[in-house]
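It should be emphasised that the depicted structure is a prediction, and the values quoted were computed from it without experimental measurement.
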Amino acid sequence: MPVAALAAAATTREAARGLLRDRAATAPRAAAARHPGARDLADRAVALALTGRGTEVAAACARAVVRLPAAAASSDDLLAAARTLRLVDDAPNTLRALDRAVAEAAVRGDRPALGRALAARSRVLRESGDRDGALADVRVAALASAGQRPDLMVRTTLATALRDDGEPAAAERLLLAARPEELAAAPADRHLWLLGRARGRALRSDVDGALDLLLESGRGQDEAGIGNPVFAPWWFTVTLLLAGAGRHREAGGYAERGQELAARWPTATARGLVLLGRGAGASGARAVELLAEASRVLATSPCRVEYARSEYLLGKALTLVGDRKTARRHLRQAAMLAAGSGWHSIGGPARDLLEESGGRLRQPRADVLTLREREVAGLVAGGASNRDVASALFVSPRTVELHLTNVYRKLAVDSRAELATALRASAGPAVPEAAKRTHGLAG
């Protein structure tokens, strides 16, 4: 179903009720009572994360919530833990928390909580490059909101999907439909809403309008004490827009602001965004140096979209200094990372510049699989059936089939036996990460 038709699909309460029945039928049930400390742990974790201080303590609190027995934490507790874990670059536990949040909301028939959990998981999957998984979740989030106004988080995620699908006007209408009381009720998510609107303006080449919205978010975050450089990185988008407009001195000032924030929250994603912003605003050998370091750092981050962006910008900078041979390697990596991810603004230019430089795409490696694809591939290569994988990851068998189709295409294999061989032969991290994730779920 086209993304533009999602809102139309979410028109009946019966569709949402059927969805909940299907989810509840396969979700794990447990008799454990709510843990009295779950809410306090989740609140402390997200509060520390948003202020941008206490990385280790915030992560420890969030992981403690995820380790609680099934049903001991509410869907919203798990969602708060997942938000924190995403900000500390703990992708496996982020997905584990979100998988449990989805299952918990489905079992209890809590449609608003289900929509929020699915929207949050969709965002994480999109950042990892899993476009199909992200779209599947946002579609179900829309169905869960049938017959009622969508939560601000669901609204923002739907708008992102619409923009990715080439419908920026529809995305803008959806965002503008948010009521003042809805924005006031979710002050943190309001900043993601502002970033969504700004990116829509930028797509229409309204740079000044985008900058106004981003700076509004920056002022609001400062007033609210939000100092996390990754949560709603207004400074990073401002830096890229100014650099693209040739306003390099101004861009450098905002990159320095990001560097101040990242000094207190030194995750790979935060440090990589700072380097990427500084490199985008530089030129010549200095740009190559900064972008090469950004690429190295972001390669260790779960935010694959920004890693792909760094590889593209590095390839472009190398082309400008005349090193076309090295440029081809980075442009090829950017194009491969963007393949099937929906990152058209990166993949298209990277492929074009690669061809202009005399290069071509080669057979993809396992390290271009998304996190969810690596999970599915690892489980299947270990002998799990599609239904077993669906149960372990709290997704439908159809979603597993979609992921497996993408894995086969990216690795150019036709069977499970060939898949296992390809994973063993690959230099990418697919098997170790999948095995680690599987162990966490089983435990």
Side-chain angles (χ1 to χ4, degrees), residues 1 3 6 82-83 85-86 89-102 117-142 156-158 160-165 269 298-309 311 333-347 364-381 386 389-390 392-411 419 423 426 428-431 433-434 436-438 440-441:
M1 177 185 296
V3 181
L6 288 175
R83 172 170 282 183
L85 292 165
R86 170 184 166 270
D89 283 353
D90 187 347
N93 274 316
T94 300
L95 277 177
R96 185 181 183 194
L98 290 170
D99 291 343
R100 286 187 54 191
V102 168
L118 286 164
R121 192 169 70 178
S122 176
R123 182 183 180 194
V124 170
L125 292 174
R126 177 185 178 275
E127 289 178 346
S128 77
D130 186 353
R131 183 175 188 268
D132 290 337
L135 287 178
D137 274 356
V138 80
R139 179 185 181 190
V140 179
T156 304
T157 306
L158 281 167
T160 298
L162 287 165
R163 280 198 309 274
D164 287 348
D165 207 46
T269 299
L298 287 168
T300 67
S301 161
C303 193
R304 306 301 281 174
V305 62
E306 299 306 341
Y307 173 43
R309 192 191 312 278
E311 286 286 278
Q333 178 73 345
M336 290 169 64
L337 286 165
S341 66
W343 303 331
H344 304 302
S345 63
I346 299 172
R365 306 178 308 276
D367 60 355
V368 300
L369 299 179
T370 69
L371 177 60
R372 194 62 111 184
E373 287 166 356
R374 292 198 298 272
E375 291 171 347
V376 171
L379 289 166
V380 169
N386 286 10
V389 175
L393 300 181
F394 302 119
V395 297
S396 71
R398 174 59 178 160
T399 299
V400 173
E401 291 175 9
L402 289 172
H403 287 314
L404 202 52
T405 297
N406 286 337
V407 169
Y408 281 12
R409 173 177 56 79
K410 290 182 178 182
L411 298 185
L419 171 61
L423 291 180
S426 172
V431 173
E433 288 193 16
K436 183 177 180 181
R437 167 96 163 107
T438 303
L441 280 175

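Here the rule is side-chain contact (heavy atoms from CB on, under 4.5 Å) with Ser128, and of Val305, Leu95, Thr370 only Thr370 fits it.
Side-chain contact check for Glu373 versus Val376: every heavy-atom pair is 4.5 Å or farther apart. In this structure, Arg372 and Leu393 have side chains that are in contact, with non-hydrogen atoms separated by less than 4.5 Å. A 4.5 Å side-chain heavy-atom check between Val400 and Leu379 finds every atom pair outside the cut-off. With a 4.5 Å cut-off on side-chain heavy atoms, Glu306 and Thr269 do not count as touching. Val389 has its side chain within reach of Val380: a pair of non-hydrogen atoms, C-beta onward, lies under 4.5 Å apart.
Within the model, atoms CG of Asp130 and CG of Asn406 stand 7.5 Å from one another, a figure rounded to the nearest 0.5 Å. Atom CZ of residue Arg86 and atom CG of residue Leu98 lie 10.5 Å apart, to the nearest 0.5 angstrom. In this structure, CZ in Arg374 is found 12.5 Å from NE2 in His403, a value given to the nearest 0.5 Å. Interatomic distance, Leu85 CG to Thr94 OG1, rounded to the nearest 0.5 Å: 4.5 Å. Note: Asp132 CG to Leu402 CG = 5.5 Å, rounded to the nearest 0.5 Å. For the atom pair OG1 (Thr156) and CG (Leu158), the distance works out to 9.0 Å, reported to the nearest 0.5 Å.
Between Ala390 and Pro397, the shortest heavy-atom distance links the atoms CB-N, 3.7 Å. Considering every non-hydrogen atom in both Leu419 and Ala377, the closest pair reads CD2-O, 4.0 Å. Across Ala161 and Leu135, no two heavy atoms sit closer than the pair CB-CD2, 4.1 Å. Nearest heavy-atom pair, Ser122 versus Ala134, reported as atom, atom and distance to 0.1 Å: OG-O, 2.8 Å. In plain terms, the two heavy atoms of Thr399 and Ala136 that are nearest each other are OG1-CB, 4.4 Å. Residues Ala334 and Ala308 share a closest heavy-atom pair of CB-O, 3.6 Å.
No side-chain N or O of Thr160 forms a donor-acceptor pair with one of Thr157 less than 3.5 Å apart.
For the pair Asp164 and Arg126, the salt-bridge criterion is met [side-chain N within less than 4.0 Å of a carboxylate O]. At a threshold of 4.0 Å, the pair Asp99-Arg121 counts as salt-bridged, since one of the basic side-chain nitrogens sits closer than that to a carboxylate oxygen.
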